[in-house]
S.K.: 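Before anything else, here's the structure in question.
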Amino acid sequence: MSLERTLSIIKPDGVRKKLVGEVIRRFEKEGIHIAALKKIRMDRAQAEGFYTVHKERPFFGELVKFMISGPVVVMILEGENVISRNREIMGATDPAKAAPGTLRKLYADSIQNNIVHGSDAPATAKFEVSYFFKDSEIF
Ligand code: ATP
Ligand code: MG
């Protein structure tokens, strides 16, 4: 067991569909601590920098366009093994392949418009947490 932090984003489609409350409720119900939270609208440079690992992928341009299409809610989740637990709660990238009861199965429309983001490993979590939050914003 290890106490971890991970970055969660409620993507523009999740905000548009009024799922902010549902997503936060789910994390809290699972015993996950919300250590930081804010609503922002990313600009293009910020979204490109965030998704830099995907810059060679064919969907990169569309993904950036989608992520800047409206405000998002960024959060730091904290808890035991929260990086993989959050990925389980979210479900597979493609909602059609996501397990029953996962956020993406319940609420997502497509492989791109999949309502939430979650860091996928300790190194990416560290990068992504510090991409959006200063230490003084984390509780
Ligand atoms: P996230 O990083 O958002 O938590 P993920 O780790 O499940 O999702 P990645 O492979 O990292 O998926 O892809 C990042 C995001 O890019 C996906 O969440 C989705 O919004 C978009 N994406 C991934 N694959 C495709 C695709 N084939 N077509 C369109 N968009 C895609
Ligand atoms: Mg990913």
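One-based numbering, in listed order, for ligands and for the atoms of each. Basis for what follows: all heavy atoms, side chains included, without hydrogens, waters or symmetry-related copies.
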S.K.: Between R87 and ligand 1, which part of the residue brings a heavy atom under 4.0 Å of the ligand: side chain, backbone, both or neither?
M.R.: side chain
S.K.: Do the ring planes of H117 and Y51 sit parallel (below 30°), tilted (30 to 60°) or perpendicular (above 60°)?
M.R.: perpendicular
S.K.: Tell me: protein heavy atom nearest atom 3 (O) of ligand 1, and distance?
M.R.: K11 NZ, 2.9 Å
S.K.: For atom 7 (O) of ligand 1, what's the nearest protein heavy-atom neighbour? Residue, atom name and distance, please.
M.R.: T93 OG1, 2.5 Å
S.K.: In the protein, which heavy atom is nearest to atom 19 (C) of ligand 1, and how far is it?
M.R.: I111 O, 3.2 Å
S.K.: Output, in order, the C-alpha distance, side-chain angles, deciding distance and verdict of salt bridge (charged side-chain N to carboxylate O under 4.0 Å, His left out) for E30 and R26.
M.R.: CA-CA 6 Å; E30 303 265 356; R26 178 67 175 273; 3.0 Å; yes
S.K.: Please state which protein non-hydrogen atom is closest to atom 23 (C) of ligand 1 and give its distance, to 0.1 Å?
M.R.: F59 CZ, 3.5 Å
S.K.: By number and element, which atoms of ligand 1 are closer than 4.0 Å to a non-hydrogen atom of Q112?
M.R.: 19 (C), 20 (O), 29 (C), 30 (N)
S.K.: Counting each atom of ligand 1 from 1 as listed, which ones have a heavy atom of Y51 under 4.0 Å away?
M.R.: 3 (O)
S.K.: Taking only residues two or more places apart in sequence, or in another chain, which ones meet T124 in a side-chain contact (heavy atoms from CB on, under 4.5 Å)?
M.R.: S119, D120, A121, E128
S.K.: Please could you name the atoms of ligand 1 that R104 approaches to less than 4.0 Å, counting only its heavy atoms?
M.R.: 1 (P), 3 (O), 4 (O), 7 (O), 8 (O), 18 (O)
S.K.: Please work out whether any backbone atom (N, CA, C, O) or any side-chain heavy atom from C-beta onward of E62 is under 4.0 Å from ligand 1, and answer side chain, backbone, both or neither.
M.R.: neither
S.K.: Side chains of K11 and N113 only: does a donor on one sit below 3.5 Å from an acceptor on the other?
M.R.: no
S.K.: State the atoms of ligand 1, each with its element, that fall below the 4.0 Å cut-off from a heavy-atom position in N114.
M.R.: 17 (C), 18 (O), 19 (C), 20 (O)
S.K.: Return the closest protein heavy atom for atom 2 (O) of ligand 1 as residue, atom name and distance.
M.R.: H117 ND1, 3.0 Å
S.K.: Determine whether any heavy atom of D120 lies closer than 4.0 Å to an atom of ligand 1.
M.R.: no
S.K.: Among all residues two or more places apart in sequence or in another chain, which pass the side-chain contact (heavy atoms from CB on, under 4.5 Å) test with D135?
M.R.: I138
S.K.: Which part of F66 is near ligand 1, with near meaning a heavy atom under 4.0 Å away: side chain, backbone, both or neither?
M.R.: neither
S.K.: Which word best sums up how the rings of H54 and F59 line up, parallel for under 30°, tilted for 30 to 60°, or perpendicular for over 60°?
M.R.: tilted
S.K.: For atom 11 (O) of ligand 1, grab the closest protein heavy atom and report residue, atom and distance to one decimal in Å.
M.R.: H54 NE2, 2.9 Å
